[in-house]
> 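Have a look at the structure that comes next, please.
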2 protein chains.
Amino acid sequence: MLSFSEENYLKAIYHIEKLQSNGVSTNAVAEKMDTKASSVTDMLQKLAEKRLVIYKKYKGALLSAKGKEIAISVIRKHRLWESFLVNKLNFSWDEVHDIAEQLEHIQSDELINRLDAYLGFPKVDPHGDPIPDKDGNIAKQEKIKLSNLKETQQGILVTIKDSSDDFLRYLDKKSISIGSTIKVIAIEPFDKSILVKIGKKELMITENVANNLLVKEI
Amino acid sequence: MLSFSEENYLKAIYHIEKLQSNGVSTNAVAEKMDTKASSVTDMLQKLAEKRLVIYKKYKGALLSAKGKEIAISVIRKHRLWESFLVNKLNFSWDEVHDIAEQLEHIQSDELINRLDAYLGFPKVDPHGDPIPDKDGNIAKQEKIKLSNLKETQQGILVTIKDSSDDFLRYLDKKSISIGSTIKVIAIEPFDKSILVKIGKKELMITENVANNLLVKEI
DNA sequence: ACAAATATTTAGTTATATCTAAAAATATAT
DNA sequence: ATATATTTTTAGATATAACTAAATATTTGT
Ligand SMILES: [Mn+2]
Ligand SMILES: [Mn+2]
Ligand SMILES: [Mn+2]
Ligand SMILES: [Mn+2]
C-alpha cells in the first residue's frame, strides 16, 4: 500500500517520461509536483528501494514495470472519476480535476471496475484523454496539433493538451468541444495565428491555442 | 483543512457521545479507533487547541459546536457514499463500509451535494442509518430493539445496529432486510431467544440478534 | 580544458501521527 | 482512610514527508 505522495510521484514520473526518452530529472519532477528538488531526491531513493523506479544518482529515474503499472492504475482512476463527475453529476470539464486528484487515491479495484462498467466503459475522459482498461492497456490515439494542419485541411478535436481551468473555460466560451470539426481557413504568416471554421462560425485563434488542440485529421 | 486522522477522531467522539451523557474517555476513543490511549491524549490536546473539542485533563472530551458540525459532515459523506455504492454500483450492504471509510474524507461540498441530488436525497443509508442533510440536520428515527417487543407484537426493521460484515451476511442468509415486517411469536424465558415470523417463514433468533435489530413498532 | 553556471544530493530541521514505558492522577475496595 | 487497581498523561522514540542551506557532481561556454 503506497501513500498518496508516492502515487503522485509515480504519476508525475510517468507523464514526464512520455515527453522525453532519457531518465526523468529531479528538477523536472520537482517542477511538476511543485516541490523542492531535495524532496524529490528523498522520494526517488525511497521509490528505488521499493523497486518502483530505476534510479541512478545524478542520472534521473525511470519507472520499473511495477511502477508503471501503478502509475497507469492511478491515471485510470483519475480519468474514470472525471468521467463520472461530468457524465453523471453534471460537473463541467473545468471543475473536475481537483476532485479527481483526491478520488484517484481511493483503494479498491472492485470499486473502480464497477464504476467503469456503470459508466459504460468509456474510452476517453472529458478532456479527450484515453482511459486505460483494467489490464492497463491504453488505446493509441491518432492525433496531431491543430497548428500542424495546413490551410483547407480539417480535423476532429480529440484531446485538449492543456487542461487548465482557464483554457477549458476559453473553449466553452468559443463553443469548442471534444468532437468539434475544425477547418483551417487561413494561417497568418506573421504570428501563426489561425482563422478556423467551427460549425458555421469563423474564429481567430492564436498559435498557442492551436498547439493545445489535438485533432484527428479527416 | 483537517487530516483524515483528525476527522476520524471527531467521528469516533461523536458516536461515543451519543451513547453516554458524560465526557468521552480517552480509553473509549482508543478502543473505538483501535489505537493506544497515549495517542488519543495527543490528539485530544490538538483538537482542543483547534477548538474542535472541549477537553479537560483526566475528564475526557466533548465536541464543540464546530467539532460536531465536522463530525456530522463526515458521517453525511460516509452514508451518502454507501448509498451510492449500493444503489448505483450494486455493491451489497456488507461490502461498502471500508470503501466509504476512504470516500468520506474527500473534500468538496459541491461533490457531496450533487451526489445527494443524484441519489434523490435519500433519508437513510443501506443499513438504515439516517443521512444528515446539507445543513447537518438528522431526522429523528422512532426505533426500539426487537428484543423489547412482547409476544404477538410486530415491527418494521428500520436500522441494523451492528453493521459488521458477518452480521449483515447472516441477515442476507435469513432474508431479513430493511423494511421487513417482523412479528414476535414466542419468547423463550430460559435464554430470551425469540421465535419470529418474517414474511411467511418462522425463524428462531438469539437475544443478541434481536438486540441488533431496531424496529418501528406497528 | 577549465571556469562558471546549473543540477543534484546530503545534512540537518520541522511537523504529523504513531508507539512504548514510566509517571501521575483518579477510582475502587477493604 | 489507605492500599490497590485502573485510567490517563508525559517523556522519549520512530517513521513519513516536507523544508533550507551547504556540499558535490555535472553541464556549458569560452
Ligand atoms: Mn485531470
Ligand atoms: Mn482529464
Ligand atoms: Mn459504514
Ligand atoms: Mn452505514
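Letters go in sequence order (proteins before strands), and every chain restarts at 1. Note that this is a predicted model, so its numbers are computed, not measured. Side-chain atoms are counted along with the backbone in the values below, which use heavy atoms only and exclude waters and symmetry mates.
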> Give the residues of residues 1-27 of chain A touching DNA chain D, defined as any heavy atom closer than 4.0 Å, sorted by residue number.
A:S3, A:S5, A:Y9
> Residues in side chain to side chain contact (heavy atoms under 4.5 Å, CB included) with B:E31, at least two apart?
none
> Atom CG of B:L44 and atom C1' of D:dT7: how far apart are they, to the nearest Å?
13 Å
> Under 4.0 Å, heavy atom to any atom of DNA chain D: which of residues 48-59 of chain B qualify?
B:Y55, B:K57, B:Y58
> According to ring pair (Phe, Tyr, Trp, His ring centres under 6.0 Å), does anything in residues 4-33 of chain A pair up with another residue at least two apart or in another chain? List the pairs.
A:F4-A:H105, A:F4-B:F4
> What is the distance, rounded to the nearest whole Å, between atom CG of A:D42 and atom P of C:dA11?
11 Å
> Is there any side chain to side chain donor-acceptor pair (under 3.5 Å) pair reaching into residues 53-77 of chain B, and which pairs are they, with sequence neighbours excluded?
B:K66-B:E69, B:R76-B:N113, B:R76-B:D116
> Going by the rule side chain to side chain donor-acceptor pair (under 3.5 Å), which residues pair with B:Q153 if we only count those two or more places apart in sequence or in a different chain?
B:E217
> Can you check the B:Q45 CD to D:dT8 C1' distance for me, whole Å?
10 Å
> Using side chain to side chain donor-acceptor pair (under 3.5 Å) as the criterion, list what pairs up with A:Y118, not counting sequence neighbours.
B:Y118
> In chain order, what residues pass the side chain to side chain donor-acceptor pair (under 3.5 Å) check against A:E110, with sequence neighbours excluded?
A:R114
> Please determine whether a side-chain nitrogen of the Lys or Arg among B:R169 and B:D172 lies less than 4.0 Å from a carboxylate oxygen of the Asp or Glu.
no
> Does B:T41 place a side-chain N or O at less than 4.0 Å from the phosphate oxygens OP1/OP2 of D:dT9?
yes
> What pairs with B:K50 under salt bridge (charged side-chain N to carboxylate O under 4.0 Å, His left out), at least two apart in sequence or on another chain?
B:E6
> Does anything in residues 31-38 of chain B come within less than 4.0 Å of DNA chain D? Heavy atoms only, and list the residues if so.
B:A37, B:S38
> According to side chain to side chain donor-acceptor pair (under 3.5 Å), who are the partners of B:D135, at least two apart in sequence or on a separate chain?
none
> My understanding is that only residues two or more places apart in sequence, or in another chain, count here; which of them pass salt bridge (charged side-chain N to carboxylate O under 4.0 Å, His left out) with A:K11?
A:E101, A:E104
